[in-house]
Amino acid sequence: MPETDPRTPDPFKRDRTDRDSAGRDSAGGDHSRTATDGNVAVPAEAPVSPSAGASAGASAEPAGSEQPAVRADSRAAGSRGAHSKAGPSKPAKESKAHSSLYLWIKEVATVVAIAVVLSFLIKTFLFRAFYIPSESMVSTLDVNDRIFVNLLVPEPFALERGDVVVFKDTKGWLVPTPDKPDGPFTWVQDGLTFVGLLPDNSEQHLVKRVIGLPGDHVVCCDAGGKLTINGKEVDETYVNPAEVPDIRNFDVVVPDGKIWVMGDNRNHSADSRAHQDSNGGFIDMPDIEGKAAVIAWPLNRLTGLGNYPDVFRNVPAPTGK
């Protein structure tokens with residue numbers, strides 16, 4: 001039988017239990033305290049081998065070593081949050097600015113291209129701008145006026161008596177102008193004139209009022225000094241009232257395909273009366289650019305140009321028509 005009854009407390013075991021309890025209850029954890037693993041006792045302050053630390057992983061690090069890592073992560077997260085609140089980065093802003101500038105330039109270029117194309121089409125088929133260099137049509141047109149000419153006259157719309165027309169000088173009415181030396185921007189001016197954005201100032205066109213249509217018998221002057229058309233006296237209210245017109249006698253019948261023209265400023269207009277030795281003073285229909293419709297510049301003279309239908313209302317049709 002055993003020397004000691006199993007129910008009898010072991011005094012040695014009790015002593016060891018008391019010492020362990022005292023160690024656990026100590027405030028700072030006495031350095032003489034041991035940690036037990038099974039039946040093997042290892043001093044708590046004993047160094048841990050590298051292999052043991054590696055196998056233990058994170059649990060082998062001191063308890064306080066995790067705090068800096070947590071704070072670093074928090075700062076990183078905070079910096080990301082602050083960055084997202086501050087808006088897009090500088091490269092993103094520059095990219096957006098470049099994109100906006102490109103779109104703006106593209107829109108402007110598109111508008112300019114459309115304007116040039118429309119101007120060219122209008123100048124080619126509808127209206128064309130011209131510059132008035134002389135006083136032959138005062139007071140209807142002043143020197144330096146800019147006018148728009150309706151290119152649909154005389155075709156498909158017919159001319160009427162009293163229309164103001166622009167025509168090419170194919171009969172040598174004008175004194176030849178010397179060629180001007182080209183300047184650095186002459187090509188720009190020529191290009192803008194070609195597409196219709198600038199008026200034609202080549203001075204190779206003339207502007208006059210239609211007095212006689214094909215077949216008309218035009219005579220100047222009757223006993224009262226009045227012009228007659230097909231035997232009917234007309235009161236030319238469009239003639240410059242500042243001067244009494246000089247009398248220049250003529251008696252013509254306008255051939256087919258031609259017109260007879262005269263300036264409103266009669267004493268200062270070298271018109272059909274002055275060029276009867278060249279094509280009889282008549283203007284060929286194909287030389288007519290169109291009918292002057294509007295004074296466009298200067299703005300204080302902006303107005304439409306009429307053909308005075310009341311003046312010619314009672315003129316009979318030509319004989320044989």
Inset, instruction - Check whether any side-chain heavy atom of M137 lies under 4.5 Å from a side-chain heavy atom of S269, and answer yes or no. - result: no
Inset, instruction - Evaluate the side-chain proximity of V138 to H268: yes if any heavy-atom separation is below 4.5 Å, no if none is. - result: no
Inset, instruction - Output the distance between atom CZ (R146) and atom CG (L299), rounded to the nearest 0.5 Å. - result: 11.5 Å
Legend entry - Other residues, nucleotides, ligands: >12 heavy atoms within 6.0 Å of Q276 CD: yes
Legend entry - Partner of F167 by ring-ring contact (aromatic ring centres under 6.0 Å, His included), out of F130, W173, F282: W173
Legend entry - Spacing of K168 atom NZ and I288 atom CD1 [to the nearest 0.5 Å]: 10.5 Å
Legend entry - Within residues 259-278 or reaching into it, pairs that qualify as salt bridge (charged side-chain N to carboxylate O under 4.0 Å, His left out) - sequence neighbours excluded: R209-D264, E236-R266, D271-R273
Inset, instruction - Identify the heavy atoms of P214 and P318 that sit nearest to each other, and give their distance. - result: O-CG, 4.0 Å
Legend entry - Any pair counted as salt bridge (charged side-chain N to carboxylate O under 4.0 Å, His left out), so long as it reaches residues 225-234, sequence neighbours left out: K226-D235
Inset, instruction - Please collect all ring-ring contact (aromatic ring centres under 6.0 Å, His included) contacts where either partner lies in residues 222-257, sequence neighbours excluded, each pair once. - result: Y238-Y308, F250-W260
Inset, instruction - State whether the side chain of D284 and the backbone N or O of P286 hold a donor-acceptor pair below 3.5 Å, judged by distance alone. - result: no
Legend entry - Distance (rounded to the nearest 0.5 Å) between L126 CG and L151 CG: 7.0 Å
Inset, instruction - Spell out, yes or no, whether I229 and V253 are grouped together once hydrophobic residues are joined by side-chain heavy atoms under 4.5 Å, including indirect joins. - result: no
Inset, instruction - Mind running side chain to side chain contact (heavy atoms under 4.5 Å, CB included) on L302 and V294 for me, showing each step along the way? - result: CA-CA 7 Å; L302 180 63; V294 176; 4.1 Å; yes
Inset, instruction - Report the distance from atom OG of S134 to atom CG of N265, rounding to the nearest 0.5 Å. - result: 9.0 Å
Legend entry - Min side-chain heavy-atom separation I283-V165 under 4.5 Å: no
Inset, instruction - Each residue besides V143 in its hydrophobic cluster should be listed here, by chain and number; the cluster joins Ile, Leu, Val, Met, Phe, Trp and Tyr at side-chain heavy-atom distances under 4.5 Å. - result: none
Inset, instruction - Treat each ILVMFWY residue as a node, draw an edge where side-chain heavy atoms are under 4.5 Å apart, and state whether M262 and V166 are in one component. - result: no
Legend entry - I211 reachable from V261 in the ILVMFWY side-chain graph, under 4.5 Å edges: no
Legend entry - Summary of side-chain hydrogen bond (donor to acceptor under 3.5 Å, both in side chains) pairs that have at least one residue in residues 296-305, sequence neighbours excluded: D142-R301, D145-R301
Inset, instruction - Start with the C-alpha distance between R128 and E289, add both sets of side-chain angles, then the distance that settles side chain to side chain contact (heavy atoms under 4.5 Å, CB included), and finish with yes or no. - result: CA-CA 9 Å; R128 186 176 176 185; E289 293 282 4; 3.6 Å; yes
Inset, instruction - Kindly indicate whether the side chain of V149, heavy atoms from C-beta on, has any atom under 4.5 Å from the side chain of V207. - result: no
Legend entry - Exam field: side chain N240 to backbone A242, donor-acceptor pair closer than 3.5 Å: yes
Inset, instruction - Sequence neighbours left out, what pairs pass side-chain hydrogen bond (donor to acceptor under 3.5 Å, both in side chains) with at least one residue falling in residues 102-118? - result: none
Inset, instruction - Only one of N230, T319, D251 passes side chain to side chain donor-acceptor pair (under 3.5 Å) with H217; say which it is. - result: D251
Inset, instruction - Could you tell me the separation between the OG1 atom of T170 and the CG atom of D287, rounded to the nearest 0.5 Å? - result: 3.5 Å
Legend entry - Hydrophobic cluster membership, L159 vs F148, 4.5 Å side-chain cutoff: yes
Inset, instruction - Output the distance between atom NZ (K208) and atom OG (S136), rounded to the nearest 0.5 Å. - result: 3.0 Å
Inset, instruction - Look at the side chain of D169 and the backbone N and O of L174, then say whether any donor-acceptor pair between them is shorter than 3.5 Å. - result: yes
Legend entry - Sub-4.5 Å side-chain heavy-atom contact between L213 and V254: no
Legend entry - Shared hydrophobic cluster for V252 and F312 (ILVMFWY, side-chain gaps under 4.5 Å): yes
Legend entry - Heavy-atom check, side chain of R161 versus side chain of N307, under 4.5 Å: no
